[in-house]
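Here the structure comes first, spelled out in structure tokens, and everything after it is commentary.
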Amino acid sequence: MSACTNEDPRILGIKTKIRVVPNFPKPGIMFQDITTLLLDPKAFKDTIDLFVERYKGKNISVVAGVEARGFIFGPPIALAIGAKFVPLRKPKKLPGKVISQDYILEYGRDCLEMHVGAVQPGERALVVDDLIATGGTLCAAMDLLERVGAEVVECACVIELPELKGRERLNGKPLYVLVEYY
């Protein structure tokens, strides 16, 4: 589901603040840069507010943010809905015992790690990232959470690139996005 269909006037304001950077981080990639969105306090607040409005009262106890841009959106959402924030990090960034999940993304391979014990069996989790492209990162995040017994309620992203069909890789798990870029 996308907020675009709701005709919320905040969506256009958010979309106009996202910059597209061609050929980054490598040739052929049209990078969706949310740093320009963060420079506009109203658009940034509207982004957080739209997610909070959706998830308030849904009994979510964990907001899992994917490194690094999920760390920007995840914590304010978690605080506003009364959930804990769990960072899903790149390898060797978390001290202590971790579990890992390898995955393939549109321009290479990567791995996500989460602290052992950060999420308990039966907890209801929301996965947050800035963008879904091929879906590899979100699948790895969901795999990590489900391996420890959490129920992933939904994935939430600011941006979706529908032509890369990442939504199809989520095995039917709900995905909520604010803006789509074709």
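What you are looking at is a predicted structure, and each value in this text was computed from that prediction instead of being measured. What you see below is based on every heavy atom in this structure, not just the backbone, and it leaves out hydrogens, waters and symmetry mates.
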query = Got a sec, which pairs hit salt bridge (charged side-chain N to carboxylate O under 4.0 Å, His left out) with one end in residues 130-145, sequence neighbours left out?
reply = Arg69-Asp130
query = Can you name the side chain to side chain contact (heavy atoms under 4.5 Å, CB included) partners of Pro174, sequence neighbours left out?
reply = Glu154
key: Flag side-chain contact, heavy atom, 4.5 Å: Met142 against Asn171   = no
inquiry  = To check you understand the geometry: which heavy-atom pair defines the closest contact between Leu138 and Cys155, and what is its length?
reply    = CD1-CB, 4.0 Å
task = Find the distance between SG (Cys111) and NZ (Lys92) and round it off to the nearest 0.5 Å.
result = 8.5 Å
request  = For Lys42, check side chain to side chain donor-acceptor pair (under 3.5 Å) against everything at least two apart and list the hits.
outcome  = Asp46
query = Which heavy atom of Lys173 sits nearest a heavy atom of Val153, and at what distance?
reply = CD-O, 4.2 Å
task = Determine whether Leu12 and Phe51 fall in the same hydrophobic cluster, where Ile, Leu, Val, Met, Phe, Trp and Tyr are linked whenever their side-chain heavy atoms lie under 4.5 Å apart.
result = no
remark   = Across all chains, not counting sequence neighbours, the side chain to side chain donor-acceptor pair (under 3.5 Å) partners of Lys58 are none
key: Residue list, side chain to side chain contact (heavy atoms under 4.5 Å, CB included) with Leu38, at least two apart or on another chain   = Ile34, Phe44, Ile72, Phe73
Least distance between heavy atoms, Gly28 atom then Asn23 atom = N-OD1, 2.9 Å
inquiry  = Test of understanding: with side chain to side chain contact (heavy atoms under 4.5 Å, CB included), list the residues that count as partners of Arg19, not counting sequence neighbours.
reply    = Val21, Asp33, Thr35, Thr36
request  = Tell me, please, which residues at least two apart from Lys90 pass side chain to side chain donor-acceptor pair (under 3.5 Å).
outcome  = Asp110
ask   = Looking only at heavy atoms, what is the nearest atom pair of Glu163 and Tyr182, with distance?
value = OE1-CA, 3.6 Å
key: Sole candidate of Leu178, Ile11, Ile18, Val179 that passes side chain to side chain contact (heavy atoms under 4.5 Å, CB included) when paired with Thr47   = Leu178
key: salt bridge (Lys or Arg N to Asp or Glu O under 4.0 Å) partners of Lys15, counting only residues at least two apart   = none
ask   = Under 4.5 Å between side-chain heavy atoms, hopping through other hydrophobics if needed: is there a path connecting Val148 to Leu94?
value = no
ask   = Leu112 and Val116: same hydrophobic cluster, using ILVMFWY side-chain contacts below 4.5 Å?
value = yes
ask   = Remaining members of Val20's ILVMFWY cluster at a side-chain heavy-atom cut-off under 4.5 Å?
value = Met30
ask   = If you look at every heavy atom in Gly135 and Leu170, which pair is closest and at what distance?
value = O-CD2, 4.3 Å
Listed pairs under 3.5 Å, donor-acceptor, residues 76-89 side chains, sequence neighbours left out:
unit_1	atom_1	unit_2	atom_2	d
Lys84	NZ	Ala118	O	2.7
Lys84	NZ	Glu123	OE1	3.0
Lys84	NZ	Glu123	OE2	3.4
Arg89	NE	Glu67	OE1	2.9
Arg89	NH2	Glu67	OE2	3.4

query = Val119 and Ala150: which non-hydrogen atoms are nearest, and at how many Å?
reply = CG1-CB, 3.6 Å
task = For side-chain contact (heavy atoms from CB on, under 4.5 Å), just list the numbers for Asp129 and Cys157, CA-CA rounded to whole Å, side-chain angles, deciding distance to a tenth of an Å, and then say yes or no.
result = CA-CA 5 Å; Asp129 203 356; Cys157 295; 4.2 Å; yes
ask   = How far does OH of Tyr176 sit from CG of Leu50, to the nearest 0.5 angstrom?
value = 5.5 Å
inquiry  = Run the side chain to side chain donor-acceptor pair (under 3.5 Å) test against Glu146 and tell me which residues pass, sequence neighbours left out.
reply    = none
query = Which distance, rounded to the nearest 0.5 Å, do you find between the CG of Leu144 and the SG of Cys139?
reply = 11.5 Å
request  = Rounded to the nearest 0.5 Å, what's the gap from CD on Glu180 to CD1 on Ile132? Could you check?
outcome  = 11.0 Å
Between side-chain atoms of residues 97-105 and protein atoms elsewhere (two or more places apart, or another chain), which donor-acceptor pairs fall under 3.5 Å?
unit_1	atom_1	unit_2	atom_2	d
Ser100	OG	Glu113	OE2	3.1
Gln101	OE1	Arg147	NH1	3.0

message = Would you compute the distance between atom CG of Asp40 and atom NZ of Lys17 and round it to the nearest 0.5 angstrom?
response = 4.5 Å
task = Show the numbers, then the answer: is there a side-chain contact (heavy atoms from CB on, under 4.5 Å) between Asp49 and Glu53?
result = CA-CA 6 Å; Asp49 287 349; Glu53 289 163 17; 4.0 Å; yes
